[in-house]
Q: 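Encoded as structure tokens, here's the structure I'll be asking about.
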Amino acid sequence: MESLLVGALDIGGTKIAASVADVTGPLARVSQATIKTGTPRAVPEQAIALLKQACDKAGIDFNRLQTVGVGSCGPFVANVGMIELATPNICGGLGHRTDLPNDWTVIPLERVLRERFQHVVIENDCVTALMAERTFGAVQDAANCVYVTWSTGIGFGLCVDGNVLRGKHGNAGHAGHMLLNPESAAECGCGNRGDLESLISGRNLSNAHGIPAPELFQSARDGEPAARAIVVEAARWLGRALYNLTITLDTSVFVVGGSVWLHHGDWLGPIVMQEVESRLQALTKGVSIVPAGLANFVADIGAFSLAMPPAWIAEWRKSAPWQAFHS
Ligand SMILES: [Zn+2]
């Protein structure tokens with residue numbers, strides 16, 4: 001009998017990555033800029049084509065691939081039980097962005113994938129990252145933990161009492177859009193003013209201050225006063241958001257990924273935690289913050305972990321095959 005294959009899709013507003021794996025680990029990976037023209041089927045059709053390319057690259061018959069895990073940017077909406085994407089960064093018909101060359105309001109992601117594959121599991125990208133970190137990363141088997149990404153956007157994956165929270169349409173964890181300061185002029189791609197993402201995301205800080213986010217954060221680290229004030233305030237807003245989540249969920253540990261944290265978590269961590277620990281200590285004492293363990297592999301490995309057979313987990317925990325895997 002031929003060995004089982006699992007596909008993984010990482011669908012973002014900027015790019016789509018497709019990988020294929022067997023029990024020994026990932027075999028091939030390809031990626032491409034996310035298509036934004038044509039019909040609303042264009043994105044899932046591009047994803048299927050990329051999975052075929054990944055199979056071709058690995059020398060595998062594409063017809064053998066019937067199981068796919070998908071981590072996707074949200075928000076999701078449901079249409080007769082099927083997940084569709086209503087993503088402001090891809091769908092031009094939602095009216096939040098003027099630079100998108102389409103009038104899509106939803107993308108029929110699950111329906112198109114199910115036309116081709118027998119088994120399809122779709123989760124939002126932060127739930128996917130949480131699964132990766134709980135299965136193979138920094139918080140293995142943690143019962144009460146929260147994944148946080150601080151990057152171009154802000155997102156969360158929530159686990160309470162060992163249960164990964166999904167919500168009615170799989171959108172649990174979209175707390176990047178929690179409202180913190182509606183008096184603020186800071187604007188988010190979702191249309192909100194003063195939500196967490198508007199106040200701290202790389203994209204929104206860059207737009208607000210007219211400087212690329214990596215430069216802003218590096219200047220802040222170097223001690224340039226104006227940049228430092230902006231970034232420290234952003235870290236405080238994140239800390240206030242983590243405080244709100246701590247008291248809401250009674251969580252134990254935050255595992256933080258994303259490019260901002262990867263490069264600056266070392267000095268921003270204490271600023272963030274000060275905002276958590278300085279309040280209501282019956283609930284906040286002992287809460288910790290740790291960097292994500294899978295770094296750049298979190299999306300791919302998370303998508304695999306959504307769909308892989310349980311027997312693969314022990315194998316992959318032993319061999320950590322992503323460490324040897326390069327696209
Ligand atoms: Zn928002």
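Any value given below was found using the heavy atoms of this structure, including those in side chains, with hydrogens, waters and symmetry copies removed. First listed ligand is number 1; within each ligand, the first listed atom is number 1.
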Q: Report yes or no: do H177 and D195 form a side-chain donor-acceptor pair below 3.5 Å?
A: yes
Q: Output yes if E197 passes the N/O/S-under-2.8 Å test against the Zn ion (ligand 1); output no otherwise.
A: no
Q: Is any NZ, NE, NH1 or NH2 atom of the basic residue among K36 and D103 found under 4.0 Å from an Asp or Glu carboxylate oxygen of the other?
A: no
Q: Is any NZ, NE, NH1 or NH2 atom of the basic residue among D266 and R221 found under 4.0 Å from an Asp or Glu carboxylate oxygen of the other?
A: yes
Q: Can you check the angle at the Zn ion (ligand 1) formed by ND1 of H177 and SG of C188? Round it to the nearest 10°.
A: 110°
Q: So which N/O/S atom does D195 have closest to the Zn ion (ligand 1)?
A: OD2
Q: So which of W322, W312, W316 actually passes ring-ring contact (aromatic ring centres under 6.0 Å, His included) with F304?
A: W316
